[in-house]
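Read the structure below first, then the notes.
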Amino acid sequence: MQDLYIYVNKDKVDDCLKYGIKLSEFENRVLNLPNNIKRGIQAFLSPKDSDLYAQDDFECIRVIPRKLNAIVFNKICENTSLIEDFNCNIEDYKIGDYEAPEAIICSTLLPENLELYNKILDKPLLVQNSREFYYEKCINEIIETDVFSKYELYQTLLILGDQKKVFNVKKEKNVKIYTDAISGKNYTKKIN
């Protein structure tokens, strides 16, 4: 089970760490599931998943999920019928299962489950950014299944790079040369 991260106004952090966080006082999230409504405290699987990470008015608190009533869900599927298939208890969640994972803590948090998160000195994070990790995991799974050949992936990346103007493109006879504007590396593609 992994840690969760919540954000609290700076002026309330000391009280939260000393006395805990009452669900009734800090409830800030409602999740509509097909058979019920979950109310709780919004939490993230990585501190950088929240827009509050860079805001000076908020502090990040790491929640150690011992005996914690929490649900992880895919925020992209929220307010759709798909949410039924994209939510689970925190114990059942595997890192990288959802594109935009978010959690809702449905219980009061005791002080022994809370620690102030330190961006510099805290324990290393398994995932810096949940969405980027999800994309990386999915890309690797697609590559491993050999649904697309390496040639097809290479060609697709060259086309995408050309569309995004990442490459300088030159044509000579039946060859296109794609030059990476940053590294200077050349990639070739035969033209039919």
Side-chain angles (χ1 to χ4, degrees), residues 1-13 15-17 19-142:
M1 205 177 340
Q2 65 183 40
D3 295 338
L4 294 175
Y5 300 87
I6 60 173
Y7 285 86
V8 177
N9 282 328
K10 275 190 173 182
D11 59 339
K12 295 183 179 183
V13 170
D15 287 343
C16 289
L17 294 172
Y19 303 113
I21 299 176
K22 285 179 71 173
L23 179 62
S24 59
E25 186 179 337
F26 284 86
E27 177 186 304
N28 62 353
R29 193 74 167 88
V30 176
L31 179 64
N32 291 312
L33 296 173
N35 297 327
N36 62 5
I37 295 174
K38 293 288 185 178
R39 297 179 181 279
I41 301 166
Q42 181 180 35
F44 301 92
L45 280 67
S46 176
K48 291 182 182 178
D49 288 350
S50 173
D51 295 335
L52 300 176
Y53 182 78
Q55 290 192 15
D56 292 335
D57 297 345
F58 291 88
E59 286 284 347
C60 184
I61 295 177
R62 183 161 37 93
V63 179
I64 299 139
R66 281 184 234 120
K67 299 179 183 177
L68 188 66
N69 181 8
I71 293 173
V72 178
F73 63 98
N74 192 345
K75 187 169 173 59
I76 289 174
C77 299
E78 188 177 15
N79 301 321
T80 70
S81 61
L82 299 172
I83 193 69
E84 185 173 357
D85 298 324
F86 289 93
N87 78 84
C88 63
N89 289 325
I90 189 169
E91 296 87 16
D92 300 328
Y93 182 75
K94 292 181 188 88
I95 296 173
D97 277 355
Y98 300 154
E99 182 175 357
E102 195 173 291
I104 185 166
I105 300 170
C106 304
S107 58
T108 294
L109 299 169
L110 301 174
E112 56 264 23
N113 290 34
L114 305 174
E115 293 179 9
L116 187 61
Y117 175 72
N118 184 318
K119 293 178 184 178
I120 299 168
L121 299 174
D122 214 289
K123 69 181 188 178
L125 297 171
L126 291 174
V127 173
Q128 294 292 319
N129 180 304
S130 296
R131 191 177 296 245
E132 290 299 318
F133 182 78
Y134 171 82
Y135 295 145
E136 184 178 335
K137 179 182 171 192
C138 289
I139 289 167
N140 288 330
E141 287 172 354
I142 291 169

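Across V13 and E59, no two heavy atoms sit closer than the pair CG2-CB, 3.4 Å. Shortest non-hydrogen contact noted between I83 and L33 is CG1-CD2, 3.9 Å. Of all the heavy atoms in Q42 and I6, the pair that sits closest is O-CG2, 3.3 Å. Taking every heavy atom of both residues into account, I95 and K137 meet most closely at O-NZ, 3.6 Å. For the pair I105 and L68, the tightest heavy-atom approach, listed with the atom from each and the gap, is CG2-CD1, 3.6 Å.
A salt bridge does not link K10 with D56: every distance from a Lys NZ or Arg NE/NH1/NH2 to an Asp or Glu carboxylate oxygen is 4.0 Å or more. The pair E25-K12 fails the salt-bridge criterion, with no side-chain N (NZ, NE, NH1 or NH2) lying under 4.0 Å from an Asp/Glu carboxylate O. Using a 4.0 Å cut-off between a side-chain N of Lys or Arg and a carboxylate O of Asp or Glu, R66 and E112 do not qualify as a salt bridge.
Legend: residues meeting side chain to side chain contact (heavy atoms under 4.5 Å, CB included) with C60, ordered by chain and number and at least two apart, are Y5, Y7, P47, Y117.
Between the CD atom in E84 and the CG atom in N35 there is a gap of 6.5 Å [rounded to 0.5 Å]. Separating the OG atom in S130 from the CG atom in D49 is a distance of 3.5 Å, to the nearest 0.5 Å. We find the CZ-CG distance between F133 and L45 to be 11.0 Å, quoted to the nearest 0.5 Å. Put simply, OG1 on T80 and CG on D85 are 9.0 Å apart, with the number rounded to the nearest 0.5 Å. Separation of atoms CG (L114) and OH (Y19) is listed at 14.0 Å; rounding is to 0.5 Å. Interatomic distance, L31 CG to I71 CD1, rounded to the nearest 0.5 Å: 6.5 Å.
Taking the side chain as every heavy atom from C-beta outward, I104 and I41 never approach each other to under 4.5 Å. At least one side-chain heavy atom of E99 sits less than 4.5 Å from a side-chain heavy atom of R131. Between L17 and P111 there is no side-chain heavy-atom pair separated by less than 4.5 Å. Using a 4.5 Å heavy-atom cutoff, the side chains of F58 and N9 are in contact. Counting heavy atoms from C-beta outward, N129 and S46 have side chains that stay 4.5 Å or more apart. Side-chain contact between E102 and E78 is absent, with no heavy-atom pair separated by less than 4.5 Å.
No more than 12 heavy-atom neighbours from other residues, nucleotides or ligands sit within 6.0 angstrom of CG on D51.
Exactly one residue among N113, L4, L109, V8 makes a side-chain contact (heavy atoms from CB on, under 4.5 Å) with I61. That residue is V8.
A donor-acceptor pair is defined here as one N or O able to donate and one able to accept, closer than 3.5 Å; no such pair exists between the side chain of N69 and the backbone of S107. Between the side chain of N74 and the main chain of A100, a donor-acceptor pair closer than 3.5 Å is present. For the pair Y98 (side chain) and Y134 (backbone), a donor-acceptor distance under 3.5 Å is absent.
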